[in-house]
Every structure is written in structure tokens, then in C-alpha cells.
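Worksheet for the structure shown next.
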Amino acid sequence: MDETVVEFIKRTISKIPMTKMMTVLQAWNFLSENQLQTVNFRKRKESLVHDLVLLCQEKHASVNDVALLDIIWDDIDAFDMKHFKRSFKKILQRALKNVSVTFRDAEESAVWIRIAWGTQWRKPNQYKPTYVVYYSQAPYAFVSSSRLRSSLPLLGQALTIASKHHRIVKMDFRSRYLDSLKAIVFKQYDQTFETHNTTTSLQERSLGLHINMDSRIIDENRIEKDRIQRVTQESFGDYPQPRLEFAQYKLETKFKSDLNGDILAERKEPLRCLVKFSSPNLLEALKSLAPAGIADAPLSPLLTCIPKKRMNYFKIKDK
């Protein structure tokens with residue numbers, strides 16, 4: 001690739017703030033989602049820019065491709081929050097005669113939205129509002145749980161049109177901690193989270209060595225302990241984990257048997273099972289299992305993939 005193009009890419013990416021890097025790259029749509037998954041967005045910015053430039057080189061980015069990235073960033077940087085608020089409120093009020101919408105600006109180009117829903121004949125219920133947090137020009141919105149599920153399609157439509165995105169991404173992902181959700185969605189894990197310090201205490205208790213033990217056993221235990229810590233760090237990193245309270249797995253499978261006339265094998269409906277893991281800080285709890293000797297290392301990818309897949313509701317079916 002021409003050095004001029006490489007320098008153009010480097011300068012364009014360098015001027016994008018870390019907090020908006022993922023949003024801009026997804027809007028650009030030049031690098032695939034799989035390619036973005038391989039990038040460590042927790043690195044220092046210089047290293048991150050270097051990795052992204054290499055990916056662009058692999059895909060033979062042209063001057064026009066980089067120029068489009070520059071335009072997208074300028075458009076996002078110039079996002080008009082006042083226009084977003086007017087448009088969002090107008091869309092809801094056109095669809096529903098009785099709806100109350102209140103905005104409050106927050107840090108990092110975010111806006112909190114409080115929506116009290118009514119109907120064509122009833123005034124808005126101020127006691128059961130829906131709260132939404134939207135980050136300017138991001139294809140994600142964080143929505144509180146709402147009893148009025150029928151209002152969610154309208155809410156999604158209003159966000160999509162007002163934000164000028166093609167679609168707002170819906171994720172099977174829930175937590176009571178907005179900072180943790182935001183960190184996982186925007187891949188900003190290197191910030192400090194409030195944690196129950198279970199990992200340290202469990203690790204300190206695990207693989208305890210008695211002073212009179214055979215030295216060969218001590219060496220073997222130390223090697224195994226080092227392996228477990230290395231594998232655990234590869235899966236979870238060496239930073240505090242975002243706070244999630246649960247992960248839920250719905251399993252559907254057909255019973256298989258070589259015996260003729262087996263009742264379960266003849267059953268047309270699949271067997272269904274629901275497994276739910278819960279903890280005040282689930283990811284920290286999972287991270288501590290292997291060092292504590294409670295589980296083998298590495299853990300199942302179904303448990304370690306939660307931050308990467310950005311979901312904690314899973315459906316598992318037979319292939």
C-alpha cells in the first residue's frame with residue numbers, strides 16, 4: 001500500500017477519541033465485525049492505531065475508503081443533540097397523543113431520557129416511566145426494564161430515526177450497572193469497577209502448600225497453579241471485570257437412542273432446560289473458579305464468551 005495512504009489512515013484514526021472509536025469504525029463498515037473482535041481496544045491509543053492500520057492494509061484500503069472514514073467522523077463529531085431531542089420527542093408525540101418526554105444531558109455526549117407512557121385516552125403514567133440512555137451517534141441505547149413492552153418497537157423506531165442510524169442494535173444483554181454494560185458494549189474494560197474482592201481471597205486459599213510436603217509435589221503444584229493463572233488471564237484479562245448479575249442458558253435438544261421404541265427418542269418436541277448462573281459479580285466469580293480449584297481450566301467458552309459476545313441470554317440448540 002502506498003505510504004501516503006498509510007499516513008492518511010494513521011492521521012484519520014488518531015484524531016478519533018477512544019470513547020467513540022468503536023462507534024465510528026462500525027459506522028464506517030470497512031472492517032468486518034469479526035476483524036474488530038480481534039482488536040484489543042484496551043491498548044494505549046498508539047498501539048491501537050497501529051493495529052487498525054495493519055487491518056486496513058490487509059484489506060487494501062484506498063484513499064476513497066479513508067476519505068469516507070474522515071467524513072463519517074466529521075459527521076459524528078458534529079452531531080446535533082438538539083435536533084436529536086426535537087426529532088425523538090416529535091416522533092413519540094405523533095404516534096401517541098399522551099406521552100411525556102424529559103431529557104437530561106450527561107457526560108461523554110450522553111443524554112438521559114425519561115418517558116412516561118400514556119394512551120390515546122389516558123394521561124401518561126408518571127409512576128412507571130421508561131429510562132433510556134443514549135450516546136450520540138452510537139448504534140446502541142440502554143433501556144430500563146418496562147412493563148409496557150408494546151411501546152418498545154415505537155421507542156426503537158424513534159431512536160433509529162432521530163439518531164439517523166439505519167438501525168439500533170438489540171442485544172440479549174442485561175445488568176443493573178450501566179457503567180458495566182457500557183464498558184462491555186464499547187469495549188472499555190480497563191476502567192475501575194466496584195467489585196467484591198473474591199478473586200484474591202479464593203486464590204490465596206487455593207493450592208495451599210504445607211511446609212512438610214514433598215518438594216516434587218510442591219513443584220508440580222506450582223507448575224499447575226501457574227498454568228491455571230495463565231489460562232485464566234487469557235480468558236478474562238488482568239483487569240477488574242464489569243459487573244453482571246446473571247447469565248441464562250436455554251437448552252433445546254433431541255433425545256438420541258439406538259433402541260427401537262424408546263419413548264424419549266420418538267418424542268417430536270425437543271427437550272428443554274433452563275440453566276441460570278447468578279452472583280453479585282458473575283464475571284469475577286467465574287474468573288475465580290479455576291484458581292480456587294472449583295473448576296478445571298480453561299472454563300467452557302459458553303462462560304468466558306459473555307463480554308466478547310456482549311450478551312447474557314443464550315439459546316443452545318442441536319446443530
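Keep in mind that this is a model prediction, so the values were computed, not measured.
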[X], [atom1]: over 12 other non-hydrogen atoms inside 6.0 angstrom:
X: Lys10; atom1: NZ; value: no
X: Arg227; atom1: CZ; value: yes
X: Lys315; atom1: NZ; value: no
X: Lys250; atom1: NZ; value: no
X: Asn40; atom1: CG; value: yes
X: Arg272; atom1: CZ; value: yes
X: Arg114; atom1: CZ; value: yes

Relative to each other, are the rings of Phe88 and Phe103 parallel, tilted or perpendicular (30° and 60° limits)?
-> perpendicular
Please assess Lys225 against Gln229 for the test side chain to side chain contact (heavy atoms under 4.5 Å, CB included), listing each intermediate value before the final yes or no.
-> CA-CA 6 Å; Lys225 183 177 180 180; Gln229 290 179 338; 3.6 Å; yes
Taking side chain as C-beta onward, heavy atoms only, is Arg243 less than 4.5 Å from Pro280?
-> yes
Do the non-hydrogen side-chain atoms of Lys85 and Asp105 ever get within less than 4.5 Å of each other?
-> yes
Indicate the atoms forming the closest heavy-atom contact of [X] with [Y], along with that distance.
X: Pro298; Y: Val231; value: CB-CG1, 3.3 Å
X: Phe277; Y: Leu282; value: CB-CD1, 3.9 Å
X: Ser14; Y: Lys45; value: O-NZ, 2.6 Å
X: Leu181; Y: Arg174; value: CD2-C, 4.1 Å
X: Leu299; Y: Leu286; value: CD1-O, 3.3 Å
X: Val275; Y: Cys273; value: CG2-SG, 3.9 Å

Got a second to check how far [X]'s [atom1] is from [Y]'s [atom2], nearest 0.5 Å?
X: Ile113; Y: Leu159; atom1: CD1; atom2: CG; result: 6.0 Å
X: Phe314; Y: Leu251; atom1: CZ; atom2: CG; result: 12.0 Å
X: Tyr135; Y: Phe142; atom1: OH; atom2: CZ; result: 6.0 Å
X: Phe246; Y: Asn312; atom1: CZ; atom2: CG; result: 4.5 Å
X: Gln93; Y: Ser100; atom1: CD; atom2: OG; result: 8.5 Å
X: Thr12; Y: Asp65; atom1: OG1; atom2: CG; result: 11.5 Å

Look only at the side chain of [X] and the backbone of [Y], and say whether a donor-acceptor pair between them is shorter than 3.5 Å.
X: Asn98; Y: Thr119; answer: yes
X: Arg104; Y: Trp112; answer: no
X: Gln241; Y: Phe236; answer: yes
X: Ser87; Y: His83; answer: no
X: Ser235; Y: Lys287; answer: no
X: Tyr249; Y: Leu302; answer: yes

Test side chain to side chain contact (heavy atoms under 4.5 Å, CB included) on Val185 and Met22 and set out the steps.
-> CA-CA 9 Å; Val185 169; Met22 176 60 75; over 6 Å; no
May I ask whether [X] and [Y] are part of the same hydrophobic cluster, defined by side-chain heavy atoms of I, L, V, M, F, W, Y residues being less than 4.5 angstrom apart, directly or through others?
X: Ile161; Y: Tyr134; answer: no
X: Phe41; Y: Leu54; answer: no
X: Leu96; Y: Ile91; answer: no
X: Val63; Y: Leu52; answer: yes
X: Val101; Y: Trp117; answer: yes

Does the pair Asp238 and Arg42 meet the rule for a salt bridge (charged side-chain N to carboxylate O under 4.0 Å, His left out), with working shown?
-> CA-CA 11 Å; Asp238 58 355; Arg42 302 181 298 276; over 6 Å; no
Which is it for Leu31 and Val39 under the side chain to side chain contact (heavy atoms under 4.5 Å, CB included) test, yes or no, and what are the steps along the way?
-> CA-CA 11 Å; Leu31 300 174; Val39 179; over 6 Å; no
Distance-only donor-acceptor check, side chains Glu245 and Ser175, under 3.5 Å | yes
When you check the side-chain N and O atoms of Thr4 and Asp2, is any donor under 3.5 Å from an acceptor?
-> yes
Cation-pi check, Lys59 onto Phe30 ring (under 6.0 Å, within 45° of axis) = yes
Who passes side chain to side chain contact (heavy atoms under 4.5 Å, CB included) against Asp51, sequence neighbours left out?
-> Lys43
Residues Gln157, Leu154; criterion side chain to side chain contact (heavy atoms under 4.5 Å, CB included); working and verdict | CA-CA 5 Å; Gln157 182 182 16; Leu154 176 59; 4.0 Å; yes
